[in-house]
Amino acid sequence: MSADSDAEAAAERKTKQIPQWKQEEVDELVGTIESYESIGVVAIAGIPSRQLQDMRRELYGTAELRVSRNTLLTRALEEVEEGMGDLTGFVSGQVGLIGTDDNPFGLFKQLEASKTPAPINAGEVAPNDIVIPEGDTGVDPGPFVGELQQVGADARIQEGSIQVMSDSTVLEAGEEVSADLANVLSELGIEPKEVGLDLRGVVSDGVLFEPEELAIDVDEYRADIETAAARGRNLSINAEYPTAATAGTMLSTAAAEARTLAIEAAIGSPDVAEDLVARADSRLRALAAAIDDEEALPEELRGTAPEPAGDAEPEADATEDEEAQADDQTDDAEAEPDDTDDDGDDGGAALGEMF
């Protein structure tokens, strides 16, 4: 007989060994498991029945919680493929199955956010260090100060009340809570534990996730991903390695560099003709602004030169003197023809005398 046949025979015998109502329960559990994308095992120990019902209502619409006997939960997980058998190792103590179409990270975050503070009872193990904080307890002087001191708190009567003088660690994580400490914490209203569904493991797409793998800072993780993506993009661009995400940027950069090269090298291309003309015009106007003689400039460039800075009166006086000298020279020049005519007459008389 083959191994497959042996497995089928064993499964058949196993099915026949349980009552009908149990098989129906298993079938329902299998249907629940197969109807969700992610299936997890959660611990429900220490959660009062009423509070557990409240949690069920809070999960409605996003997740479903099923509680049954551990043997039936195990049987249902083993009957489903896609790695659900890996969850059987977490089925111990008071547990339940939870199904959701959310991813394991979203499920873990939802369950952690739904936890609420709760008092701790005598005999329970402290989930973390229990600290009685510094400050006024609000309790009138009396025997309670001795109870505080007995459990290890730095307490005394001061200003008409019992006060804790400094933060006092009265129990370390993993230690058992005594009856005296439970009474003191109850009196102070300190709730050192959280009550909620503790996710032990979850399977999604055949992959098993445990709580330590799901407890991540989403904001920090998102920032790391964004930083990595930006660095990858920069590497692609700087290494000139085109990808679908960087090809557009690289083409734009190349086009801009080619345009700059064409302008600097004064390459006559239709794409940069306007830029070359604008650049030449700008240089021409800068040169015109450096020329003092307006007469030397074309009419359209006159007035380009900047106004003289500072006190301009001395220059104006000098200009007036130059104009006056020019007028005098003009007057002298206009008088010269008369002298020339006189000189001409004298020359003619002299020639007559010679003959």
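Count residues from 1 along the sequence. Only heavy atoms go into these numbers, but all of them, side chains included; no hydrogens, no water, no symmetry mates.
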Contact check, side chains of [X] and [Y], non-hydrogen atoms, under 4.5 Å:
X	Y	result
I190	P133	yes
I267	V272	no
L29	V80	no
R200	V91	no
E25	R69	no
M84	L87	yes
F144	L188	yes
T116	Q51	yes

Do [X] side-chain atoms and [Y] backbone N/O form a donor-acceptor pair below 3.5 Å?
X	Y	value
D136	Q163	no
R66	G99	no
S38	N103	no
S161	G138	no
T260	A256	yes
T137	I162	yes
R233	A245	yes

Treat each ILVMFWY residue as a node, draw an edge where side-chain heavy atoms are under 4.5 Å apart, and state whether V195 and V177 are in one component.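 Per the 4.5 Å side-chain linkage, V195 and V177 are not co-clustered.
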
Is V26 reachable from V95 through a run of I, L, V, M, F, W or Y residues, each pair having side-chain heavy atoms under 4.5 Å apart?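 Shared cluster, yes.
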
Neighbour count above 12 (heavy atom, 6.0 Å) for [X] [atom1]:
X	atom1	answer
E274	CD	no
D217	CG	yes
K22	NZ	yes

Please walk me through it: do D180 and E147 pass side-chain contact (heavy atoms from CB on, under 4.5 Å)? CA-CA 8 Å; D180 292 338; E147 296 178 19; over 6 Å; no

Quick one about [Y] and [X] (side-chain donor to acceptor, distance below 3.5 Å, no hydrogens or angles considered), yes or no?
X	Y	value
T243	T246	yes
T100	Q110	no
D129	T169	no
N183	E187	no

For L97 and L77, what are the C-alpha separation, side-chain angles and deciding distance, and is it a side-chain contact (heavy atoms from CB on, under 4.5 Å)? CA-CA 10 Å; L97 289 183; L77 290 171; 4.2 Å; yes

Decide yes or no on side-chain contact (heavy atoms from CB on, under 4.5 Å) for L111 and D198, but give the supporting numbers first. CA-CA 7 Å; L111 295 182; D198 286 323; over 6 Å; no

Residue that, paired with L107, satisfies side-chain contact (heavy atoms from CB on, under 4.5 Å) out of I98, V42, T62: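 Single side-chain contact (heavy atoms from CB on, under 4.5 Å) partner of L107 among I98, V42, T62: I98.
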
From NZ (K193) to CG (L185), nearest 0.5 Å: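 Spacing of NZ (K193) from CG (L185) equals 11.5 Å.
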
Would R285 and D281 pass as an ion pair if we require N to O under 4.0 Å?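 Yes, R285 and D281 are salt-bridged.
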
Identify the heavy atoms of Y241 and M250 that sit nearest to each other, and give their distance.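 Heavy-atom minimum between the residues: N-CE, 3.8 Å.
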
